[in-house]
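Just so you know, these numbers use all the heavy atoms, side chains as well, and skip hydrogens, waters and symmetry mates. The chains referred to below are lettered A, B, ... by the order of the sequence lines, with proteins before strands, and numbering in each begins at 1. The structure presented is a predicted model; accordingly, all values stated were derived computationally and were not measured.
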Amino acid sequence: MRLREWQLVTIALAGVAAAAALTFLAAHLSEVWQPAPPLRLPGARYVALVRVEGAIAYKTSQLTLFGLTLDAEDVARLLDQAADDPMAGAVVLLVNSPGGSAAASEALYLKVRELASKKPVVTYVREYGASGAYMVALPSKAIIASNSSIVGSVGVYISILTYGDLLEKLGVRVHVFKSGELKDIGSSHREPTPQEVRVLEGMVEEIFELFKQRVLAHRSIRDPDEVFSGKPFTASQALGAGLIDGVGTLDDAIQLARELGGLPPDAPVRELEPPRPGLLQLLLGRLTSSKPVVPSIEIIAMWPPPSTQP
Amino acid sequence: MRNAAALRALLAALSLALQPIAGSFQPWASGNFTPEALVSMLPLLGILIVVGLLVIVVALASWVLRVLGWGSLCRSKQGRFYCITRIVVLAAPIIGTLIMIAGAVVVALQLALAPSFGRLLPGGLPEGALSVILIGSVVTASADIFEAVATLDLGQLFNVRLLTIASLVFLASSLLGAASTTAQQLQYVSHAASLAAFALLTAGYHLARGVAAAPPPSLQPSTPKQAGERA
């Protein structure tokens, strides 16, 4: 015997109600509705995470020719963003950098110092926190490194590649007409003269002195001679030398940042990222890009030294 | 209707086959977005994309056939419930999908504005947005539920026992399907039940088609004179 229409509709609607009940019950019982710390809506105080990954340089630096670099200006903007946002209760710098250009590293150091005067900054060193990257980390309230990381290599250098002998073998001559004796200092076409060596060494010494003073201002170093020899340290060695405050994980650094910032233990972490270029920007960028002409001398605070491999 | 059921049986079989592959994406669910993890997922992603496109085409084809099938039953004036079923089968999947998309957009926006570091899934989904997604899932499932009840009536109309049984299995699989939206443990069972339901429906509709070659009992004239009057 066929059911009547109203009976069919009633059964169908009852089925829909049963499906709804089962669905919400299943969701309630399953993992999906047992959230890890519930997401907070925008407006809750958070820990800002800023990555410092890759060689520290400006876009036009010669270091950009040697592989993955981060644009120091982008990072500086993110640090400003963290400083200006009242909801950012603390900042974690995730450092994985061998250093880079001394000028770019110093610019970021000054930014971090300014930021650290406003809110707690904790640095976590993932793989490398060497040379210029270590300088950037100096103003942090605490520096924590992963067990297998390399820290230190405090120092700067200038590297000049000369191929004058090769040119001579090839019968190539370079003629330079200069206004002053030191105008073409650092030229790759010839060996540096003793006077040029003295000038370059003076430049390195002056920048290094600045680096040294900053390390001494921010850290209690146990053996300055060892640290300022440019030696890279493992995490445990760095802890013994007074270069870092602890060996741990990123979670440890985040938790410490929460404590220093007076944030609850489940305060969310928000990674600040530079804006991605739009499609138009990418297309136009490709159409207008050309190999930059870069200076051949750059004071570098970096370990290990940049490779010429692509 | 028979062809639509056969296509849905194929879809259910594909879903069952894809379950193990979907589990391979667990590293993503754990928040492991390293380049190595992404590269290792690429072949699977390729397979999923190809199969996914096939599933979409087959699902659309079966949906069109179902709408047409219930439409022709509505026009045959066998009962108004078939007309209601046609409307629900037509509209509910569209509305339900739109609701689920809206819920997913809300989740994405909230995650983008205030993300948790590391793990994105499972857990940590905003409850409000999840409710929206579940409502969408229920609305989508209502099409199957109405269809199951209409098939139950068809089974009684054409006196095909297999169709009646198939409709009950279909109803159960629809309820399971809705519940398995969030309960991963139920998905295998749900897909298996769907496969069984659609296989039974295919056979049931095939039998009913044979029965329907003669006019259904409700329209059979009681006397030859009445048959002549109708002509």
Handout entry: A:Thr23 side-chain N/O to B:Leu134 backbone N/O, donor-acceptor pair under 3.5 Å
Key = no
Practice task
Just give me the residue among A:Ile11, A:Leu13, A:Val16 that pairs up with chain B most often, heavy atom to heavy atom, under 4.5 Å.
Solution key: A:Val16
Practice task
Identify the heavy atoms of A:Leu8 and B:Val149 that sit nearest to each other, and give their distance.
Solution key: O-CG1, 3.5 Å
Completion exercise
Honestly, the part of B:Ile84 sitting under 4.5 Å from a heavy atom of chain A is side chain
Problem - For A:Leu3 against B:Leu152, the heavy-atom pair lying closest together - result: CD1-CD2, 4.4 Å
Exercise for the section: Drop me the distance from B:Asp153's CG to A:Arg4's CZ, to the nearest 0.5 angstrom. Expected result: 12.5 Å
Exercise for the section: Working to the nearest 0.5 Å, report the span between CG of A:Leu22 and OG of B:Ser174. Expected result: 11.5 Å
Practice task
Please confirm whether the backbone N or O of B:Gly79 pairs with a side-chain atom of A:Glu5, one donor and one acceptor, at under 3.5 Å?
Solution key: no
